[in-house]
Amino acid sequence: MAEPARQGFAAFNLAPPVLRALKVLGFEEPTPIQARSLAPILQGRDLIGQAHTGSGKTAAYGIPLVQRLRHRGAVQALVIVPTRELAIQVTQSIQALAQFTDLKLLAVYGGYDMSLQTAALRAGVDLVVSTPGRLIDHVWQGTIELDQVHVVVLDEADEMLSMGFIDDVERILSWLPPGTQKLLFSATLPERVRRLASQFLDKPVSIRVADTEETIPDIAQAYSTARGEAKLDLVCRLLKDEAVEQALIFCRTKQRVDRLTRRLRERGIEAEAIHSDLTQARRTAVMKRFRRGAVRVLVATDVASRGIDVRRVTHVINFDCPANPDEYIHRIGRTGRAGRSGSALTFIGPKEHGLLKAIEKRVGRKLERWPEDEDQPSPPPRPRRRRRR
Ligand code: AMP
């Protein structure tokens, strides 16, 4: 039997406008998550897809949505996502797949004038991509009606949980017509997400794409123990290298994002910052420019960059080490996307060597020590505690 991942898109009986869009987008082969989930989704099955950003999960549900929806000017499908940025990005990705159809899509999110969204909704929308809170506002206001909905996608369900939206998501699910097809995508499946799935999904097909099948093999991963000025020097040297087409730099806090952006600019590196203290208009504008390639270096907090797909990101720099291995995977998933290669550099603080070990275990390989780091003194060994019984 042929490997599912090697089947072309031709195996799925997709309609000509969909095949045409795939061709224009240069999607020749389905990614592993697409190869395994397209058929059950097209058959109308409920599904749990465990896949990270960068796996091609948006098209895994986007292709069947475009294939199966018809323009009727009534909301027939919902995609629920944790952040505004992701709402915009997912809408653009599905719009690209729907470019040869007359489907109408709309991104709906908080922090944006509700009356403009309402006007767009009145004009007749088939598919809404929304953050949970704003969707509930529209349902209450009567500007989104759910009685025609027959497919719902929960994207990045684990993020919706960690951002405190899971009760809102549950409320929305409880409002949907019986028989609505439910697709849940999540990088990890914490207990609360599993519970939601068992409560609302009907005999779901479960698909898990191992990390090794996704982005990780394409990413060169290194770490450095440089600190203070040496750390900044190293980042500046790296960013001045022409091989860096676009870089995404992560800091732990908004203040650290602003501070690093300022210091990079002082050293002649054009950088922009993104975090949740900026106005929504500003965040959207910065993301748009980054996506266009007009911004080469973007400094971000985790939340602001969640799920963002930026094709040309060649380098991810963890200026502050991510809090845990899952966060590491999320961050470096922004580079080396869908087969392209990328590099990730992570700074490890003196107390973070245990975290480095946990990350290495999660990605199944050792991170290389950054070459220029060798003359740095290695961190002093930590005093051993005697183990108590
Ligand atoms: P996602 O995981 O949905 O954020 O997608 C990651 C990236 O892979 C996006 O830039 C997609 O445009 C791209 N992509 C999705 N499916 C394919 C495919 N079958 N072939 C090539 N690129 C793809």
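The analysis underlying the following values was restricted to heavy atoms, covering all of them including side chains, and did not include hydrogens, waters or symmetry mates. Counting starts at 1 for both ligands and their atoms, following the listed order. Bear in mind that the values here come from a model prediction, so they are computed numbers and not experimental data.
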Option among K240, R263, R267 that satisfies the salt bridge (charged side-chain N to carboxylate O under 4.0 Å, His left out) test with D233: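 Running salt bridge (charged side-chain N to carboxylate O under 4.0 Å, His left out) over K240, R263, R267 with D233 returns exactly one hit, R267.
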Would you mind listing which atoms of ligand 1 come within a distance below 4.0 Å of any non-hydrogen atom of [X]?
{"X": "E29", "result": "18 (C), 19 (N), 20 (N)"}
{"X": "F9", "result": "19 (N)"}
{"X": "K57", "result": "1 (P), 2 (O), 3 (O)"}
{"X": "T58", "result": "1 (P), 3 (O), 4 (O)"}

Assert yes or no for the condition that the ring centre distance of F27 to F9 is strictly below 6.0 Å.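 For F27 and F9, the ring centres are not under 6.0 Å apart.
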Could you see which bit of Y61 sits under 4.0 Å from ligand 1, with heavy atoms only: side chain, backbone, both or neither?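 Neither part.
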Tell me which part of Q34 gets within contact of ligand 1: side chain, backbone, both or neither, using heavy atoms under 4.0 Å.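 Just the side chain.
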Short N or O distance, [X] and ligand 1, threshold 3.5 Å exclusive:
{"X": "S55", "answer": "yes"}
{"X": "Q89", "answer": "no"}
{"X": "G56", "answer": "yes"}

Do L196 and E170 touch side chain to side chain, with heavy atoms closer than 4.5 Å?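 Heavy-atom side-chain distance check passes, below 4.5 Å.
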Under a 4.5 Å cut-off applied to non-hydrogen side-chain atoms, are L127 and L103 in contact?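 No - every pair of side-chain heavy atoms lies 4.5 Å or more apart.
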Residue pair S276, R283: steps toward the side-chain hydrogen bond (donor to acceptor under 3.5 Å, both in side chains) verdict: CA-CA 8 Å; S276 55; R283 284 166 69 178; 5.4 Å; no
Distance-only polar pair, side chains of R122 and Q117, donor-acceptor under 3.5 Å: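 No pair is found: no donor N or O on one side chain lies under 3.5 Å from an acceptor on the other.
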What distance do I172 atom CD1 and I80 atom CD1 have between them, rounded to the nearest 0.5 Å?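 The CD1 atom of I80 is 4.0 Å from CD1 of I172, to the nearest 0.5 Å.
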